There are 4 protein chains.
Amino acid sequence: METKNISTGHSKESFIEKARRAQIMECAIETIAERGFAQASIGQIAKRAGISKGVVSYHFSSKEELMHHIVTALYVDGAAFMSRIAEETTPASMLRSYIETNLAFIGAHKQHVAAVMEIVWNARTEDGKLLYAKPANDAILVPLEAIIRWGQEEGSFRAFSEFGARVMAMTIRNAIDRAGSLLADPAFDIEAYTLEMATLFDLATRRQPD
Amino acid sequence: METKNISTGHSKESFIEKARRAQIMECAIETIAERGFAQASIGQIAKRAGISKGVVSYHFSSKEELMHHIVTALYVDGAAFMSRIAEETTPASMLRSYIETNLAFIGAHKQHVAAVMEIVWNARTEDGKLLYAKPANDAILVPLEAIIRWGQEEGSFRAFSEFGARVMAMTIRNAIDRAGSLLADPAFDIEAYTLEMATLFDLATRRQPD
Amino acid sequence: METKNISTGHSKESFIEKARRAQIMECAIETIAERGFAQASIGQIAKRAGISKGVVSYHFSSKEELMHHIVTALYVDGAAFMSRIAEETTPASMLRSYIETNLAFIGAHKQHVAAVMEIVWNARTEDGKLLYAKPANDAILVPLEAIIRWGQEEGSFRAFSEFGARVMAMTIRNAIDRAGSLLADPAFDIEAYTLEMATLFDLATRRQPD
Amino acid sequence: METKNISTGHSKESFIEKARRAQIMECAIETIAERGFAQASIGQIAKRAGISKGVVSYHFSSKEELMHHIVTALYVDGAAFMSRIAEETTPASMLRSYIETNLAFIGAHKQHVAAVMEIVWNARTEDGKLLYAKPANDAILVPLEAIIRWGQEEGSFRAFSEFGARVMAMTIRNAIDRAGSLLADPAFDIEAYTLEMATLFDLATRRQPD
DNA sequence: AATGAATGAGTATTCATTCAT
DNA sequence: TATGAATGAATACTCATTCAT
């Protein structure tokens, strides 16, 4: 199976090409995570990589393209990581797995997640619109909503209006996403956080006793 | 012996001054909310206000000061708005009021809230540290944690570990804050959102039947 | 800050870099000498060099750094030029050589000297203190005072109080420094000036007959 | 920072006008002396005077005019102060008196002198030419040259070429002028300086024994 | 494949001056 | 007389991008 690159004019990637792109992306991630999107100039990134600014432009046709690759790479990694969720057999365990798996992924990719959050909430088009962040009906909510509806139909979750399912999905997603920022604090206990989160949303979703 | 001050009538001059500052702040808020913190240059703000850049510098000694006023103004407005929460007499109703009141405030100050979020998450000092955003133990969580602990001690909420109370507070706060972004979508139904949110966290906090 | 180097391993002498820096320094010197420190903006300097403002910023990280290089370059040139003074074998001839050599150097570096004078007397730190000019006990007076004390101890100079030696040194230095300004006038005869100066200070320092 | 306010009262308008102009000039002198010509903005001067910028523009048609008044006022004061020099009856005593009187004047008008020096060496026309400082044949040298020629013709001074007389005059004037800067140092002993200076130039001018 | 050099638009801020009140 | 308000040009500096080598 072949993966196509966003066209940079290079149909093939040599080893050096790949290494350089990886190096630049890594340094960009570190810079964005540490200093924020706005402060992550190409110059800063290049300096951290110990290369000249021109190299960055050589390997990525624009800053925007570099950012796009950083975002995409995280989504690709994430998708692979998340596959285990689908193995769960009940809505409640799947929801718990969703929370645990996502937080585990975030814990394992602190900087990359932090950088992508920065990009998603700050990268804009020339006319000022957010480039990545989308309104409430974001595709990222789809799997979550599916779990919730499954639980509802299957009876182990309480009754949700369509909008109620979406709000629940958004709230869960928000709680997960914001965990990314919290990880900057080295004292932050991600495992305890995961446990509390799982409990919270288990209670919030389960069918109530009569 | 008395010394007389040359006191000229202040009401008029301070009116113009106040009006301009208000106008500039409003235009800054609109610009930040629509285009993001990084794109909200003094030039952009001035252009929106139909004035020259110098006017902004005349009324605000620095961009930082302008931002500070925008942030402070929202906190002042918010504090007044939130007073009604304290009137509630049970933990559950107070938590519900906290959510409702906060979301109502956000709904009534969409742009201002959006702008302050932008500032809080993007304004940085020269050395790259976030100027406003503070770690997880932010003061903003204090009232929420107090409600949760009250409910726990009083028995109507379930048992929380200390950390559990904090996680709950953070999750509620996140859900409220992110509502700000959602309001950009004109189709977004804030009242329904409020209702779902209140239910969600009521279930998540209430004491569980044996 | 860590850098992730992929070793490039070659360090090339940049002829262009040196040439540009030299060109910019030269144009800066001309601009400062002709129009004064305050009027010597980066824009003016760039315009004279026929380059864009950005080029100046590219080669010198700040205006202050450019000024520092201009000052330092003159001191380096000067130190080399002045070595001949030390070859003299009597206080009087050494004092004469000091005056002649300094004036010769000034005559040979009119603009550079004028520019450095401008910088020294005008460049200030943010809090308003002069950046280069130091109080009366400046290091520049040390060699002159040494000559005078030598002459006094050796007997060919008249008796000086400690302060008298300093005043003499300051006066000589002033006379030399101000020559820089006089050179702006093309009619100014530096050789005649040198002769008169040497005579003046020879008479002012020599031991008086009983 | 102290403000020199004038009391408002029901006095003549010309009194107020004079008082304001004097106040502004005084504050301008302090500002220039302390912070340098380039840092002495109208805003700074007005702030020190405790008035608005507009007042300065109201009383002085331009910054240039304000500077001109400051320079002129010093010359007027100086001319009056210097009258005693003319009472001397020998060239040597007159030269000594010139030095003593000038240094005494400088000592008595530290800030004003320092400010005027700043103005003279920094104020420029739009095309970059110095507005006040003139070439070597400056009018200020005339009286000094007259003393020297008198001494020469009368026989108590050594023989001077025409240019020699000018150089001597310039050197004396330089030594006097630079004393202005030295006064910033509170440890500077102006009386001892005066004594040394008088001796120095007495020796440099007197007729030499055969 | 990489780079040093250059550009030009864009940043916040300062300032002398003007003017209606 | 005095002032607050406004202006517009000027300041140093940053940055993504281009390009010849």
Side-chain angles (χ1 to χ4, degrees), chain A residues 10 14-17 19-20 38-46 51-66, chain B residues 6 8-10 12-17 19-21 38-46 51-66, chain C residues 6 8-12 14-17 19-21 38-46 51-66, chain D residues 8 13-14 16-17 19-20 38-46 51-66:
Chain A
H10 304 257
S14 73
F15 169 74
I16 291 183
E17 167 79 8
R20 265 278 189 260
Q39 276 66 37
S41 68
I42 295 217
Q44 279 296 325
I45 294 165
I51 56 180
S52 82
K53 283 194 298 177
V55 185
V56 178
S57 293
Y58 178 77
H59 291 281
F60 296 91
S61 66
S62 68
K63 191 180 183 180
E64 203 178 291
E65 200 217 338
L66 170 56
Chain B
I6 332 167
T8 51
H10 295 289
K12 193 168 120 198
E13 57 198 64
S14 75
F15 171 74
I16 293 181
E17 165 78 9
R20 260 283 187 257
R21 286 173 77 103
Q39 275 68 37
S41 69
I42 293 212
Q44 279 296 325
I45 293 165
I51 57 181
S52 85
K53 281 193 301 176
V55 183
V56 178
S57 291
Y58 177 75
H59 290 282
F60 295 92
S61 64
S62 69
K63 190 179 184 181
E64 204 179 290
E65 200 214 338
L66 171 56
Chain C
I6 289 180
T8 52
H10 71 98
S11 60
K12 196 173 64 177
S14 175
F15 169 76
I16 293 183
E17 165 77 8
R20 262 284 186 257
R21 285 175 76 102
Q39 275 68 36
S41 69
I42 293 212
Q44 279 295 325
I45 293 166
I51 57 182
S52 84
K53 282 193 301 179
V55 184
V56 178
S57 292
Y58 177 75
H59 291 281
F60 295 92
S61 64
S62 69
K63 191 180 183 181
E64 202 178 292
E65 200 215 338
L66 171 56
Chain D
T8 54
E13 44 193 90
S14 76
I16 291 182
E17 166 76 11
R20 264 279 188 259
Q39 276 66 38
S41 69
I42 293 215
Q44 279 295 325
I45 294 165
I51 58 181
S52 83
K53 282 194 299 177
V55 185
V56 178
S57 292
Y58 179 76
H59 290 282
F60 296 91
S61 64
S62 69
K63 192 179 184 181
E64 204 178 289
E65 200 215 338
L66 170 57

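Since the model is a prediction, treat every value here as computed from it, not as a measurement. Note on naming: letters A, B, ... go to the chains in the order of the sequence lines (proteins, then strands), and numbering restarts at 1 for each one.
- Residue-to-nucleotide contacts include a donor-acceptor pair under 3.5 Å from the side chain of K53(B) to the base of dT13(E).
- Of all nucleotides listed (dT17(F), dA12(E), dA5(F)), dT17(F) comes nearest to the side chain of I42(A).
- Heavy-atom nearest nucleotides on DNA chain E were determined for Y58(C) and for S61(B), and the one closer to the 5' end corresponds to Y58(C).
- Contacts of Q44(B) classified as side-chain contact (heavy atoms from CB on, under 4.5 Å), with partners at least two apart in sequence or in another chain: T31(B), R35(B), S41(B), K47(B).
- With dG4(E), dT3(F), dA6(F) as the candidates, the nucleotide lying closest to the side chain of V55(B) is dA6(F).
- For dG4(E), neither phosphate oxygen OP1 nor OP2 lies less than 4.0 angstrom from any side-chain nitrogen or oxygen of H59(C).
- If you check dA1(E), dT17(F), dT11(F) against the side chain of I16(A), the one that comes closest is dA1(E).
- For the pair E65(B) CD and dT13(E) P, the computed distance is 10 Å after rounding to whole Å.
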What's touching nucleotides 19-21 of chain F from the protein side, N or O pairs under 3.5 Å?
none

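- Regarding Q44(C), its CD atom lies at a distance of 10 Å from the P atom of dA12(F), rounded to whole Å.
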Side-chain donor-acceptor contacts of residues 55-62 of chain D below 3.5 Å, not counting sequence neighbours, with atom names and distances?
{"residue": "H59(D)", "atom": "ND1", "partner": "E17(D)", "partner atom": "OE1", "Å": "3.0"}
{"residue": "S61(D)", "atom": "OG", "partner": "E65(D)", "partner atom": "OE1", "Å": "3.1"}
{"residue": "S62(D)", "atom": "OG", "partner": "E64(D)", "partner atom": "N", "Å": "3.3"}
{"residue": "S62(D)", "atom": "OG", "partner": "E65(D)", "partner atom": "N", "Å": "3.1"}

>> What does the 5'-to-3' dot-bracket notation of DNA chain E look like when only Watson-Crick and G-U wobble pairs under 3.5 Å count, and pairs to other strands show as |?
In response: .||||||||||||||||||||

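- R21(B) has its CZ atom 13 Å from the C1' atom of dA5(F), to the nearest Å.
- With rounding to whole Å, Q39(A) atom CD is found 11 Å from dA16(F) atom P.
- Proximity note for I51(C) (side chain, C-beta onward) versus dC15(F), dT7(E), dT17(E): the nearest is dT7(E).
- Neither OP1 nor OP2 of dA1(E) sits under 4.0 Å from any side-chain N or O of R20(A).
- Checking dT17(E), dT3(E), dG4(F) against the side-chain heavy atoms of S52(D) singles out dG4(F) as nearest.
- Atom CZ of F15(C) and atom C1' of dT3(E) are 18 Å apart (whole Å).
- Contact between K63(B) and I42(B) at its shortest, heavy atoms only, is CB-CD1, 4.1 Å.
- The NZ-P distance, from K63(A) to dT18(F), rounds to 14 Å in whole Å.
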